[in-house]
Structure formats: C-alpha cells, structure tokens
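Below is one structure, written out as structure tokens, with a few remarks after it.
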Amino acid sequence: PGQANPSFSLDHFILIAHRGASFHAPEHTMEAYQLAETLAADFIEIDLQMTRDGVLVAMHDDKVDRTTNGKGLVSSYTLDELKELDAGSWFNKKYPKEASDSYVGAKVPTLEEIFQRFGNRVNYYIETKAQDNSGMEDKLLHLLNKYNLIGSRGNVVIQSFSKQSLLKIHETHPNLPLVQLVHPDEVSTLSDEKLEEMKSYSVGIGINYNELNKHLIKKIKAKNLFIHTYTVNDRDDFDRLKEWGVNGVFTDIVNLGRS
Ligand code: G3P
Ligand code: CA
C-alpha cells in the first residue's frame, strides 16, 4: 500500500489511482479501490457527490446515468435509493475484456464506508465536486476528523477545480495539503501572479497532461508548487511527463509505470 506519510518534496513522484484502479474495475466502487490498494498505488482518488439526504458518496458525474443503471441527478437520490443501483454492470458491458461477474451489482460507496474499509492503510486524494454552498467541505472535514485522517499522518490531499471550495477548507485547516485543479482553457492564464495566489492556499496544481510542456513545468516548480497531471494512461506519455519532472500522475492503470 501507499506510504503512510508521503513526503511532499519537489523531486518526489506519486502515482494516483484515478477513480480507483478504474481501468480494470468499475470506477468509484470498492472493487476499484481495493484493486488500487492491492497494486500499491500511492494514493486512491475519490470524486465526491452528495445525496439528497446529505451523504457524501464516491462518484464523478453529477448524474448517475453513466456509471449505474439509474437515471438523474445524484442529488435527487436518498442514500437508500442510491444503494439500490448497480454500479458495476455498465463496466462489464463497456469493457468486456476487463469484465468480471464480481462487478455485477456493485454498490455506490459512501466516503465513510471507504474510510471504514481502508482506514489509514491508504492515502486519499479527494476531489470536492462541490456545487457552491452545498456544505460538502464541512461534511468532508467532519469525516476526516472522525477517522483521524487529519494531522498526524499527512495521508490526505484535497483537490478541486473550485477555488472557493479549497478556500473554505484552508480557512479552518491551513495545514491540510490542497491542490488547485486548472481547467485546460485556463492554463494560458497561469501568470507568475496567479501562481503566487494559488501558492497562498495550495501546495500544488493539477493540470491535464495535454497542456503541459517542459517550460510550464519549470515555471510552476520554480514557485515551489507541485504538479500532478491527469489522466495519463499511455506508457510513453507517462515516461515523458516523469522525465519532464511532474510530481505525480493520475492514472486509471495503476501498473502503467511498471509494465
Ligand atoms: O482530479 C484530477 C482529475 O480527476 C480531474 O478530472 O474529471 O477526472 O475529475 P476528472
Ligand atoms: Ca477527479
């Protein structure tokens, strides 16, 4: 499993299991997270959505349509209703080569269930896909505190495309490592000034790998900001980006750098 206390330094490289080991198992299911732990990813990545009754669950889209047999917004489902859905069969249909009977009927996990299962054996890289003022940040911080994941071990990173979401967390937990995700169409606006501003609340930035080049990587690292790049599923891209000095990659294929 991942290092208990990953030392963030500018020459350290981490491999982040994007949505779990989501090439080989249905994304955001316990099966995908378990495989990521088994394959010793440095971090497991969890996107957060919230149910109608206010429970944080692991899901990328704001709708359940793509990754379950249901329809509609996650926020229109209670947790009980969401638990009725099958979050695995779509994967078997879409990726027959990776299909497994064990994925049929997989449930959407809550963040709490993930913490209960993996505790501090793994490192968590959590994304708030927050709608403004949803209260997602408070619920996340509550669970991190409840499972003793803040502070001593340093095994949690919070990421978001929303600066507002990150600032909410930074206000009360200034030592929790935050990563500002940058949309591809905003990469050209990354001036020195903007990077300084990001540095005031985050330890690093997350950028789509197609937007990166040697010069930009150097510029960002010169500000003492880490660069974690998404989503790298090709071995040549992986090797090139590592060679260029990124500090980590999000990948669906946890074995990518080892094959
Ligand atoms: O968090 C990095 C990457 O996961 C951002 O893109 O759409 O996969 O959440 P997305
Ligand atoms: Ca994500």
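Note that ligands are numbered from 1 as they come in the structure, with each ligand's atoms numbered from 1 the same way.
Figure legend: Lys242 and Phe13 shown as a cation-pi pair, the cationic atom lying under 6.0 angstrom from the six-membered ring centre and within 45 degrees of its axis.
Atom 3 (C) of ligand 1 has its closest protein heavy atom at Tyr230 CG, 3.6 Å. Scanning the protein for heavy atoms near atom 4 (O) of ligand 1, the closest one is His18 NE2, 2.9 Å.
Distances below 4.0 Å separate heavy atoms of His60 from the following atoms of ligand 1: 7 (O), 8 (O), 9 (O), 10 (P). Residue Asp47 approaches ligand 1 through these ligand atoms, each under 4.0 Å from one of its heavy atoms: 9 (O). Taking a cut-off of under 4.0 Å to the non-hydrogen atoms of Arg19, the atoms of ligand 1 that pass are 7 (O), 8 (O), 10 (P). Atoms of ligand 1 lying under 4.0 Å from any heavy atom of Lys129, numbered from 1 in the order shown and given with element: 7 (O), 9 (O), 10 (P).
Applying the side-chain contact (heavy atoms from CB on, under 4.5 Å) criterion to Ser200, with sequence neighbours excluded, gives no partner residue.
Excluding waters, the protein N/O/S atoms found under 3.0 Å from the Ca ion (ligand 2) are Glu45 OE2, Asp47 OD1, Glu127 OE1.
Looking only at distances, no side-chain donor or acceptor of Glu27 sits under 3.5 Å from a matching main-chain atom of Gly20. Checking side-chain atoms of Thr229 against main-chain N and O of Ile207 turns up a donor-acceptor pair under 3.5 Å. A side-chain donor-acceptor contact under 3.5 Å links Arg52 to the backbone of Ser76.
When Gln159, His228, Glu127 are ranked by how near their heavy atoms come to atom 5 (C) of ligand 1, first place goes to Glu127.
Judged as a ring pair (Phe, Tyr, Trp, His ring centres under 6.0 Å), the pairs with a partner in residues 175-200 (not counting sequence neighbours) are, in order, Phe161-His183.
Linking ILVMFWY residues whenever their side-chain heavy atoms come closer than 4.5 Å, directly or via other members, leaves Tyr33 and Trp90 in distinct clusters.
Between Asp239 and Arg235 there is a salt bridge, since a side-chain N of the basic residue sits under 4.0 Å from a carboxylate O of the acidic one.
Under a 4.5 Å side-chain heavy-atom cut-off, the cluster of Ile, Leu, Val, Met, Phe, Trp and Tyr residues that includes Val108 is completed by Val55, Val57, Met59, Val64, Val74, Tyr77, Leu79, Leu82, Leu85.
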